[in-house]
Amino acid sequence: MDLALSIFFQVLVDGIVLGFMYALIALGYTMVYGVLEFINFAHSEIFVIGAFVGVEILLGFEASGSLAMLHPAFVLLVVLFAGMVISGLAAMALERVAYRPLRGAPRLVPLISAIGASFFLQDFIRLVESLWRNSFYLSYPTLPSLEKSLKIGSAVEVPIKSVLVIATALVMLLALHLFVNRTRVGIAIRAVAQDPETASLMGIPVDRIIALTFFVGGAMGGVAGVLFGLHYSLINPYSGFVPGLKAFTAAVLGGIGNIPGAVLGGIVLGLVEAFAASYLSILTNGAFGAEYKDVFAFAILILILIFRPKGLLGEKVREEGV
Amino acid sequence: MLEVQDLHVYYDAIHALKGISFSVARGEIVTLLGANGAGKTTTLKTVSGLLRPRRGSVGLAGQALEGLEPHEIVRLGVAHVPEGRKIFPRLTVLENLKTGAYSRRSGSIGEDMDHVFVLFPRLKERSRQMAGTLSGGEQQMLAIGRGLMARPKLLLLDEPSMGLAPIVVEQIFETIQSINREGVTILLVEQNAAIALAVSHRGYVLETGCTILEGRSADLIHNDLVRQAYLGG
Ligand SMILES: Nc1ncnc2c1ncn2[C@@H]1O[C@H](COP(=O)(O)OP(=O)(O)OP(=O)(O)O)[C@@H](O)[C@H]1O
Ligand SMILES: [Mg+2]
């Protein structure tokens, strides 16, 4: 098979991997927006906390010499689960400390608090890692079983790492879908998003549901953080900034507040970016290189905000009434 | 069952309720009448905990409600069907009914849902439809059905007739009476004084945040003031 096709397929896989990563992070922005109509700009740091929890556990395993002995599936489950829970709890704590006291304040106030929390968390992680490891640039230990590839046909190879990201993301998305649509608490989250006052009249404890929404969104971000570390290896306290902005773009692209929209927006953005990165210089005869890929994400954000502010699937405006 | 005494409620500087008192006995339908802005909705919102009174008390079977959160008050057996229905438009009919049962530990939720479908067969046909696409009358049925899913001892109804055709209003009020006969105490707020007085046992008339008149509904129908102000002479 020819080289062009095999490259195309590789780019496609890269795009999907990136897309699912954005999708997982975007869910945190969109779910919180759903219940509070506010952008949690510190969500990118919740994602980074997940990445750091993952690296610390793996480095711990490595230091104790057990990394090579433990079953890789077990190791992955442990880091993904820990990243999920700790990021979820961090998001809940963030809500409690930085946002809940500001409920009812003008809209700009919690937004500023979010930006402050974002800076605080970045430097807090930096401080902790500097004291603990003398460096805040960390790299994930290599897991040999993740370095292999799946061969499909003769020309196409899919790295196991990419399979891991896609499979984990699919499981998380399915679980979230069932939780939000089929459970009593999931229905309560959607009711609070549509009309918190009436939800409270139904006996729904609105504050607890909001805290839970932060947990769930944070957990998704934490899983994304661990996957990011496993896939790209290098992390630092500021690693969340660009993926966070991209995921926010994905959430706006899909329609902020809309859960399926966040997933769609993530995938679209990931694909656009991967294809831009590989084909831009070919298409423009070298005038624009891969370094312009980020321009695409933010050009999309600007165009969406101008021409379709409700996004691809968006309909959610709380005040639209009955 | 419900005892409201000398209630004062403010919206910032606006003194909306200026000492309202009334009571509802177990098994009764009591109606609050009054012109636009008299304070009827404010009264119900204070009973269900959405608003805090600055002074006065709200007691349910001896227990003080003022200061409790709305979801705690639901748990004590008070369901509030708000003015304007306020169904969740992007939840299905079935999901809306489930939100009404949120405060309850599963048990007989299925049974209660069947019961709501007996009262409002229309809802059963449309159970998988998005609630926002229901007609006004169907939305009102859903709002009442959703309130009943909490298995309330006391049901607060805020203008169930609003915006509905006379024939639908009649159906809804027949259902309200049968809900009452099943043992649910009802506090009813209405603009449509004729029908409210026809179905209720007792009534209170509010004017700019005060109770100015009270009595048995059968007597209020013949009261001159009520006739002039609310029944068109
Ligand atoms: N959120 C609010 N902020 C300020 N004032 C309010 C608010 N809600 C109600 N009011 C005022 O409180 C008074 C009582 O309002 P309320 O809604 O209780 O009247 P109502 O008797 O239910 O009227 P209607 O029959 O029109 O529904 C009115 O003067 C109204 O303008
Ligand atoms: Mg009213």
Side-chain angles (χ1 to χ4, degrees), chain A residues 30-31 33-35 37 100 103-106 177-213 254-262 310-322, chain B residues 44-45 47-51 68-92 94-106 109 130-136 138-140 142-143 146-152 155-156 158 162-163:
Chain A
T30 233
M31 290 185 72
Y33 186 86
V35 291
E37 298 201 320
R100 195 181 301 183
R103 200 100 40 85
H177 173 79
L178 293 177
F179 172 68
V180 169
N181 290 301
R182 302 282 163 81
T183 67
R184 158 176 174 271
V185 176
I187 294 173
I189 289 180
R190 286 187 293 146
V192 169
Q194 292 180 31
D195 184 345
E197 182 174 284
T198 305
S200 75
L201 289 182
M202 299 304 121
I204 295 172
V206 173
D207 279 348
R208 243 178 290 159
I209 293 292
I210 289 173
L212 184 77
T213 305
I256 188 88
N258 182 306
I259 290 176
K310 287 175 173 184
L312 296 176
L313 303 185
E315 22 61 42
K316 195 203 129 61
V317 174
R318 180 182 292 161
E319 286 79 10
E320 76 190 0
V322 181
Chain B
L44 292 195
K45 284 185 165 180
V47 171
S48 60
L50 290 177
L51 297 172
L68 294 183
E69 295 288 328
H71 70 266
E72 297 169 322
I73 292 177
V74 176
R75 220 153 277 177
L76 294 174
V78 180
H80 179 172
V81 178
E83 184 175 358
R85 303 160 197 143
K86 302 285 177 66
I87 48 124
F88 302 111
R90 287 178 309 286
L91 297 186
T92 65
L94 216 55
E95 288 171 334
N96 265 276
L97 291 175
K98 284 182 184 165
T99 62
Y102 189 87
S103 58
R104 294 173 42 202
R105 296 277 136 229
S106 62
I109 288 176
M130 282 294 155
T133 65
L134 295 176
S135 78
E138 290 162 352
Q139 291 190 9
Q140 187 62 61
L142 178 57
R146 185 180 62 174
L148 289 176
M149 290 300 293
R151 263 225 191 156
L155 186 63
L156 313 178
D158 197 343
M162 192 202 270

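Just the heavy atoms: all of them, side chains too, but no hydrogens, waters or symmetry mates, feed the values below. Numbers restart at 1 for each chain; the letters A, B, ... are given by sequence-line order, proteins then strands.
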In short, Y102(B) meets A188(A) closest at the heavy-atom pair CE1-CB, 3.5 Å
What are the two closest non-hydrogen atoms of T198(A) and P82(B), and how far apart are they?
-> CG2-CG, 4.5 Å
Rounded to the nearest 0.5 angstrom, the CD1-CZ distance for I109(B) and R184(A) is 7.5 Å
Do K45(B) and E197(A) have side chains that get closer than 4.5 Å, going by heavy atoms?
-> yes
Rounded to the nearest 0.5 Å, how far apart are CD1 of I187(A) and CD of E95(B)?
-> 4.5 Å
Heavy-atom contact with chain B under 4.5 Å, split by part of R208(A) = side chain
With a 4.5 angstrom heavy-atom cut-off, which part of L50(B) approaches chain A: side chain, backbone, both or neither?
-> side chain
Looking only at non-hydrogen atoms, find the nearest pair between V74(B) and S200(A) and report the distance.
-> CG2-O, 4.0 Å
Do the side chains of E69(B) and P205(A) get nearer than 4.5 Å, heavy atoms only?
-> no
Using the side chain to side chain contact (heavy atoms under 4.5 Å, CB included) rule, pick out the option among K86(B), R146(B), H80(B) that qualifies with L201(A).
-> H80(B)
